[in-house]
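A short write-up of the structure that comes next.
In what follows, every heavy atom counts, from backbone to side chain, and hydrogens, waters and symmetry copies are set aside. Throughout, a chain's letter reflects where its sequence line sits, starting with A, and its residues are numbered from 1.
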Amino acid sequence: MQQLEQALKTALQTAAQAVFGVEIPAASLVLQPTRKDFAGSFTFVTFPLTKTLGKGPEQIGQALGEWLKASEPRVSGYNVVKGFLNLEITDAEWLNLLQTVLAQPAGAPVAVPGSPQRVIVEYSSPNTNKPLHLGHLRNNFLGYAVAEIIKATGAHVTKANLVNDRGIHICKSMLAYQRFGHGETPTSAGIKGDHLIGKYYVLFDKHYREEIKQLEAEGVATDVAKKQAPLMTAAQEMLQQWEAGDEEVVGLWRTMNGWVYEGFDETYKTIGVDFDKFYYESDTYLLGKARVEEGLEKGVFFTKENGSVWVDLQAEGLDEKLLLRADGTSVYITQDLGTAELKYEQFGYDSSIYVIGDEQNYHMQVLQATLQKLGKPYAEAIHHLSYGMVDLPSGKMKSREGTVVDADELVREVVEAAKAATLEKGKTEGLSDSELEQLYHMLGLGALKYYLLKVDPKKRMLFNPAESVSLEGDTGPFIQYSYTRTASIGRKANEMGISPKLDVTAIDELHASERDLIQELARYGSVVGSAAQTMSPAIIAQYCYELAKAYNRMFVQVPFLSEPDEAKRNLRLALSARVGEQLKTALGLLGIQVPERM
RNA sequence: GCCUCGUUAGCUCAGCUGGAUAGAGCAUCCGCCUUCUAAGCGGACGGUCAGGGGUUCGAGUCCCUUACGGGGUACCA
């Protein structure tokens, strides 16, 4: 595709030289895809040339078009509408393009010049005090997809999960468990470990609020009550015990975190995300202090009277930021400084991506600026894939108000919806029970993943339950369905004993739907490139949709197996097979699997 | 207050470095299954691109401004 465009650009320059004796400035030498309602495939805008040439836009278009039609073999025709020169490409050139596409396997790495080679993507990064919810799903799907997309550019990618396994929030669950748990376990309760812990986190909050209410009734001011409530002080005590290595507390912490990890593992498995490396905040939270020391020695950080350590980022347009508390304990950013260094030591990345919600934009700026102050070589390599919140039709998700959408439950629902729809269609006789279960799972998750990934990550999005399980239109199952059509055609061809040999020389004319499809297929490389660069799986999702649509249009317009002309039939079978492979790999980048039948 | 992001069809979203009559899906309505999967295809309806200025051959896109909304601005994470 790029070669074709490049060739046309050079031809345009030659044309301008031959006809007008001038050079087209690089800025004006832009080709854009022709709008659907006009004939042609590439459009050159002649407006910018009117000044230098002193001629009308149409006149210029006519002259250039005429020259190209006569002298450029790739151009079969042209038309001029106002300042737009639309170029039509010969079928031979389209077939040429198809051959270069087919020369590479569909899953072959797409080289992107100047793209990073060693990449680490940190995503998921859950707290271990409650189960995953809808917001985590967006994070997980984004992280997984971005990692896969960058892999597709040939880079070496490490998927990392920084587990936030320590802190006051964990102690709250632990404390509630101690008080009200009666030795309950996930097995004895028959509840997934993460949900069990989540139950106690909620329980803590409930009792805590009762205590506050009671204190308030006794005439204590609200903010004082919040600090003085017995449960809160007990939780803080527990955190100190934990940091001091108290055996009982640490033991309980290990047990309860263990339950949570079992629960998370199960969820990760069902939603199909994975990690190459786990970091635990309990291991890394002290590492940042060494970086703070380093900054003080280098004189880029400073100490206030009370002993707290700060960095002054006002020159960078930020504020003074605290790096270490007066009592010497670390804050949020302290740990991040440590983890960044650790990751660099272990993986030597030239790009380190953090998949974190956009409420932390400022924090990430501070992190990067602070690392720059320290003169860290990897500071520039830090990229924040900042994504927007997922809103519900009822408004914001708030865990305290119980308006969160639980991840496990949501997955069950989408799979159930896929099952119901599949049974209704009744096209799956002959599949075994386990194959059917797999199919429902693929479709349900396909719908959910596509739904969450098709929106630009940076934007806040609305989660509409009905639309997330929808199977029609711009949805995952629509694309999966298109894939099964290619698979079906392939099977039938096999049964009929056809092993298509593509002979492009025997084809005199292409159908419009075939040209469109070739153009779609040829775009894939640049699509992956820009998705990787902008860290946007939405671009891949859109592409899958466009490709599937182009295929379906062709599917209803021309015959495949019953095409009498053998050369044409083979071309279509080759196109169909390629579309299937391409859809499979592209959906794979989004973590979406494809069934052979549905 | 300051910083930052957003506002496109009834709803959910596309719209690449400014380019043609602003595009999809859903919803509503109308067609198409005795030939390869109708989870499909075609068509209709639907827009003062939040408002106002500016830059230019040309602005949804760039600049300024107003309104509304989100997020941030903690010795919380």
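Rounded to a whole angstrom, the distance from the C1' atom of B/G25 to that of B/G42 is 16 Å. Separation of the C1' atoms belonging to B/U56 and B/C68 is 30 Å when rounded to the nearest angstrom. Nucleotides B/G10 and B/C62 place their P atoms 24 Å apart, quoted to the nearest Å. Rounded to the nearest Å, the gap between the C1' atom of B/U66 and that of B/U12 is 28 Å. When the C1' atom is compared between B/G18 and B/U61, the two are found 6 Å apart, to the nearest whole Å. Nucleotides B/C45 and B/G23 are separated by 16 Å at their C1' atoms, to the nearest Å. Taking atom C1' on both B/U65 and B/G71, the two are 23 Å apart, rounded to the nearest angstrom. Across B/G51 and B/C33, the matching P atoms stand 45 Å from one another, rounded to whole Å.
Residue A/Lys82 places none of its side-chain N or O atoms closer than 4.0 Å to OP1 or OP2 of B/A20. For the OP1/OP2 pair of B/A39 and a distance below 4.0 Å, the side-chain nitrogens and oxygens of A/Arg597 include no atom meeting the criterion. For A/Lys51 and B/C57, the shortest distance from a side-chain N or O to OP1 or OP2 is below 4.0 Å. One finds a side-chain N or O of A/Arg35 lying less than 4.0 angstrom from the OP1 or OP2 phosphate oxygen of B/A20. Contact annotation: A/Tyr481 reaches the phosphate of B/A39 (side-chain N/O to OP1 or OP2, under 4.0 Å). A/Arg485 has a side-chain polar atom (N or O) that falls below the 4.0 Å cut-off from OP1 or OP2 of B/A38. Between A/Lys459 and B/U12 there is no side-chain N or O to OP1 or OP2 distance below 4.0 Å.
Within the nucleic acid shown, A/Lys549 comes within 4.0 Å of sugar-phosphate atoms alone, with no base atom in reach, counting heavy atoms only. Base engagement by A/Thr422 is indicated by at least one non-hydrogen atom pair under 4.0 Å involving a base atom. Across all strands shown, A/Asn127 has no heavy atoms under 4.0 Å from either base or sugar-phosphate atoms. Across all strands, A/Leu443 comes closer than 4.0 Å to base atoms (heavy-atom distances). Among the heavy atoms of the strands lying under 4.0 Å from A/Thr484 is at least one base atom, whether or not backbone atoms are also near. Among the heavy atoms of the strands, none lies under 4.0 Å from A/Glu424. At the heavy-atom level, A/Asn552 lies under 4.0 Å from the strands shown only through sugar-phosphate atoms. Within 4.0 Å (heavy atoms only), A/Val558 reaches at least one base atom of the nucleic acid. Within 4.0 Å of A/Asp319, counting heavy atoms only, lie sugar-phosphate atoms of the nucleic acid but no base atom. If you check every strand for non-hydrogen atoms under 4.0 Å, A/Tyr332 touches a base. A/Met598 comes within contact range of at least one nucleobase, with a heavy-atom separation under 4.0 Å. Using a 4.0 Å heavy-atom distance criterion, A/Thr43 is classed as a base contact. Using a 4.0 Å heavy-atom distance criterion, A/Val331 is classed as a sugar-phosphate-only contact. Among the heavy atoms of the strands lying under 4.0 Å from A/Pro48 is at least one base atom, whether or not backbone atoms are also near.
The interatomic distance linking A/Tyr354 (OH) with B/A77 (C1') rounds to 16 Å, in whole Å. Straight-line distance from the NZ atom of A/Lys568 to the C1' atom of B/C36: 18 Å, rounded to whole Å. To the nearest angstrom, P of B/U35 lies 14 Å from CG of A/Leu561. As rounded to whole Å, 18 Å separates atom C1' of B/A39 from atom NZ of A/Lys419. Protein atom CG of A/Asp336 is 11 Å distant from nucleotide atom P of B/A77, rounded to whole Å. The distance between atom CG of A/Asp474 and atom P of B/A24, rounded to the nearest whole Å, is 12 Å. Rounded to a whole Å, the CD atom of A/Glu472 is 16 Å from the C1' atom of B/G42. Atom OH in A/Tyr543 sits roughly 20 Å away from atom P in B/A14 (whole-Å rounding).
Put simply, the side chain of A/Asn86 and the base of B/A20 share a donor and an acceptor less than 3.5 Å apart. Below the 3.5 angstrom threshold, one finds no donor paired with an acceptor across the side chain of A/Ser470 and the base of B/A39.
Among the nucleotides B/C76, B/G71, B/U37, the one closest to any side-chain atom of A/Arg325 is B/C76. Among B/A39, B/A74, B/U12, the nucleotide with an atom closest to any side-chain atom of A/Lys321 is B/A74. Which of B/U73, B/A14, B/G19 sits closest to the side chain of A/Asp456 comes down to B/A14. Closest to the side chain of A/Phe84, from the set B/A20, B/C41, B/C36, is B/A20. Comparing atom distances between the A/Met461 side chain and each of B/G70, B/C13, B/U37 picks out B/C13 as nearest.
Salt bridge annotation for A/Glu281-A/Arg166: present, with a cationic side-chain nitrogen under 4.0 angstrom from a carboxylate oxygen.
The ring of A/Phe555 does not lie on top of the base of B/G40; it is either too far (5.5 Å or more) or too tilted (30° or more). Residue ring and base: A/Phe38 counts as stacked with B/A20 (centre distance below 5.5 Å, interplanar angle below 30°).
No side-chain heavy atom of A/Asp391 sits under 4.5 Å from any side-chain heavy atom of A/Met461.
If A/Phe47 and A/Ala326 are placed on RNA chain B by their nearest nucleotide, the residue sitting closer to the 5' end is A/Phe47. Between A/Leu322 and A/Leu462, the residue anchored closer to the 5' end of RNA chain B is A/Leu462, taking for each the nucleotide with the nearest heavy atom.
In plain terms, the two heavy atoms of A/Trp310 and A/Leu322 that are nearest each other are CE3-N, 3.4 Å. The two residues A/Gly473 and A/Phe478 make their nearest non-hydrogen contact at O-CB, 3.1 Å.
Figure legend: cation-pi geometry between A/Arg485 and A/Phe555, with NZ or CZ positioned under 6.0 Å from the six-membered ring centre and within 45° of its axis.
In this structure B/C62 sits in a base pair with B/G54, meeting the Watson-Crick or G-U test at under 3.5 Å. For B/G69, the paired nucleotide is B/C5, the pair qualifying as Watson-Crick or G-U wobble because both relevant distances are below 3.5 Å. In a base pair of the Watson-Crick type (N1 to N3 plus N6-O4 or O6-N4) or a G-U wobble (N1-O2 and O6-N3), with each distance short of 3.5 Å, B/C36 is matched with no nucleotide. Look at B/G23: its Watson-Crick or wobble partner, with both distances under 3.5 angstrom, is B/C13. B/C29 and B/G43 make up a base pair, with Watson-Crick or G-U wobble contacts both under 3.5 Å.
Without hydrogens or angle criteria, A/Ser308 side chain to A/Lys304 main chain gives no donor-acceptor distance under 3.5 Å. In this structure, A/Asn161 contributes its side chain and A/Ser124 its backbone to no donor-acceptor pair below 3.5 Å.
For B/C33, the base is syn relative to its sugar; the glycosidic angle is within 90° of 0.
Counted within 6.0 Å of NZ on A/Lys226, heavy atoms from surrounding residues, nucleotides or ligands total 12 or fewer; the atom is thus considered open.
Between A/Trp253 and A/Trp242, the ring planes lie perpendicular to each other; the angle is over 60°, past the 30° to 60° tilted range. The aromatic rings of A/His363 and A/Tyr332 lie parallel to each other, their planes meeting at an angle below 30°, with 60° marking the opposite boundary.
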